[in-house]
Structure formats: structure tokens, C-alpha cells
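The basis for the numbers below is simple: all heavy atoms, side chains too, and nothing from hydrogens, waters or symmetry mates.
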Amino acid sequence: MTRGILVAGNESVLGRAIEVEAAKRVHKYVSAFITNRIAQPSAPLKEHLPERVEESRISLDWNPGSPISARTLVLAAENRLEHIDEAILVCSPPAVRRPASQLLLADVEILVNDHVKGWFFLVKEIATVFANRKSGTLALVYYDATAVQESKDDMTDLLGASAAASFTAFTRSLLMAARGDPYVTMGFSAATPGDEAGFASFLFKHLDEGNMSKNGKLLTYGKLGIKSWWNNR
């Protein structure tokens, strides 16, 4: 049976690294990425994806601020893949480095809609599908914002860091509630950006094992070690 993989999240180097790993494992996978819409955009991604990724990717539209769009995305992914076995949600929000007095209201609305609300809507739809099927793996992937050391010359990231913290808290709550679910929920974090290929390989190593005993666990890549969130609460 074909393995159905959905990758959704921010357009980022980490997202692309995960796509590369997905393309190594399946003939086709679905991706849905959030385009950076903030007024102070980050530098565009320069890396060209391998031809294998371009051939394997099925790109679907997703308006993260809309619950209807979340449902449409999940239904479309199921139609294209026949079923979703693994949903990988990648949170790597853009930084917005401005003093509080210079924050733009439009940026605040975009960050909340695209990088906070969207995750709740999408997880709700994925969890419904997995619960009904009594199988599936939900993987939530992020960088540990508390471990990232910014340069003293950098202006503080007020919005992106807040969106990342929201995703981190949401992930931990999902892990704590995962015991007894008929599907697997796993969290994956890394201390700092810089080794996205290694992080993506680490992620898929655990997904490939498909072990129900990892339900509710937070697995960290790098020097932080491995944690089982609900075992430690």
C-alpha cells in the first residue's frame, strides 16, 4: 500500500529539507506551504530543489486562516494520495524585527492568521481523519525558540518568535493529550537552525519506524536529547 505523506507549513529551508526526505520514500507526496506575506519579508530561498522532489511533489493551496481551507486541503490530499498516513506540520515563521512602536497592524493580522490560527484549524481536520481511521501519524516540527541565541546586534523578533512559542505550546498540549488516541502524535524540535538536512533525516528515521510506543513523545535533534513529554509530566 502506498504511503501517503502530507507536508504543510512555512516556506523555509527546513520545509524543503523535509520535502527532500519525503521524495526519497514515496513516488508522490502532497505539500502545502504558507507564502510569506508580511511587509518585511525575509530573503527568498535560493536553493533549487532536486529534480526528484519537483517530480514527486503535488502542491495544494492552503489559506491557513480559514477553517474551510483546512478541511478542503485535507480532503484534497486524501483524494490525491488515496489516504494520509503521515501529516508533517513544519513551523518556521518569518522574523519581524521592529520596535513595538513600529509594528504594522497588517503584519500582526497576518502572523495571527497564518502562523497561529492556521495550525489549530489544520490539526483539527487531520485529527478527525486519523481518529476515524484509527491510524496515522501527526508530526509537529519546530525549532526550540528558547535555545536560539541571537546576536546582540540583532533587533528582537517580536512576532515570529511569538508565533513559534504558540506552536510549541500547542504541540506540548497535543502530546499531553495523546495517550489513548488511536493514532500517533509526535513532536520534533531542534536547538538551532543550521543542519536542516540532518534534522529532516532524524525526523524520518523515527517516522519510518512507525512505533505506537512513541505516541506523545517530544524528540529533540541535537544536544538536547530525547524527551517523552507525557512520561515526564
Side-chain angles (χ1 to χ4, degrees), residues 1-38 41-66 68-94 113-115 118-119 121-123 125-127 129-130 133 135-143 167 183-184 186-188 190 193-210 221:
M1 184 171 64
T2 304
R3 180 177 176 184
I5 300 176
L6 165 64
V7 182
N10 310 116
E11 283 188 338
S12 61
V13 177
L14 177 57
R16 290 192 171 192
I18 290 173
E19 284 194 273
V20 170
E21 291 296 325
K24 293 177 181 178
R25 290 162 171 79
V26 293
H27 178 62
K28 292 292 182 181
Y29 70 94
V30 163
S31 72
F33 283 99
I34 306 169
T35 302
N36 184 6
R37 302 192 296 125
I38 63 172
S42 54
L45 299 178
K46 298 179 180 179
E47 299 83 356
H48 293 288
L49 288 168
E51 185 176 344
R52 175 178 8 180
V53 175
E54 300 286 1
E55 294 174 350
S56 300
R57 176 205 283 143
I58 301 172
S59 296
L60 296 179
D61 292 331
W62 174 35
N63 174 10
S66 164
I68 296 175
S69 182
R71 183 173 304 172
T72 300
L73 169 60
V74 172
L75 290 174
E78 287 189 296
N79 289 335
R80 299 298 294 271
L81 299 173
E82 297 184 5
H83 48 79
I84 302 171
D85 297 295
E86 296 160 0
I88 305 169
L89 309 188
V90 187
C91 178
S92 182
N113 286 325
D114 288 8
H115 306 287
W119 297 120
F121 296 148
L122 186 56
V123 166
E125 297 301 330
I126 293 169
V129 169
F130 287 170
R133 283 183 48 205
S135 66
T137 298
L138 172 62
L140 301 109
V141 188
Y142 62 94
Y143 288 111
F167 185 87
Y183 59 92
V184 175
M186 303 167 66
F188 293 87
D195 184 15
E196 284 76 14
F199 188 15
S201 177
F202 170 81
L203 161 70
F204 272 96
K205 173 184 178 296
H206 289 280
L207 294 182
D208 292 343
E209 293 172 356
Y221 176 71

So which atom in [X] and which in [Y] form the shortest heavy-atom distance, rounded to 0.1 Å?
X    : Y    : result
W62  : G118 : CZ2-O, 3.8 Å
F33  : S31  : CE1-CB, 3.6 Å
F204 : I18  : CE1-O, 3.6 Å

Report yes or no: does [X] contribute a side-chain atom to a donor-acceptor pair with the main-chain N or O of [Y] at less than 3.5 Å?
X    : Y    : value
N10  : I34  : no
K28  : E55  : yes
R133 : Y183 : no
E82  : R80  : no

Would you indicate whether the side-chain heavy atoms of [Y] and [X] approach each other to under 4.5 Å?
X    : Y    : answer
L122 : V74  : yes
E125 : L73  : no
I126 : L89  : yes
I88  : L207 : yes
I84  : F130 : yes
T137 : H206 : no

Next on the checklist: Please determine whether side chain to side chain contact (heavy atoms under 4.5 Å, CB included) holds for the pair Y143 and E196, giving the CA-CA distance in whole Å, both sets of side-chain angles, and the decisive distance to 0.1 Å.
Outcome noted: CA-CA 10 Å; Y143 288 111; E196 284 76 14; 2.8 Å; yes

Checklist entry - Should F199 and V141 be marked as a side chain to side chain contact (heavy atoms under 4.5 Å, CB included) after you check the CA-CA gap, both sets of side-chain angles, and the distance that decides it? => result CA-CA 10 Å; F199 188 15; V141 188; 3.7 Å; yes

Checklist entry - Taking the inter-plane angle between the rings of F202 and F188 on a 0 to 90° scale, is it parallel (under 30°), tilted (30 to 60°) or perpendicular (over 60°)? => result perpendicular

Next on the checklist: Can you tell me how the ring of F167 sits relative to the ring of W119, calling it parallel under 30°, perpendicular over 60° and tilted otherwise?
Outcome noted: perpendicular

Next on the checklist: Whether K24 and E21 form a salt bridge (side-chain N of Lys/Arg under 4.0 Å from carboxylate O of Asp/Glu) is what I want to check.
Outcome noted: yes

Checklist entry - How many angstroms lie between CG in N63 and OG1 in T72, if you round to the nearest 0.5 Å? => result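 One finds 10.0 Å between CG of N63 and OG1 of T72.
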
Checklist entry - Could you give the distance from CD (E19) to OH (Y29), rounded to the nearest 0.5 Å? => result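 Here the interatomic distance stands at 3.5 Å.
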
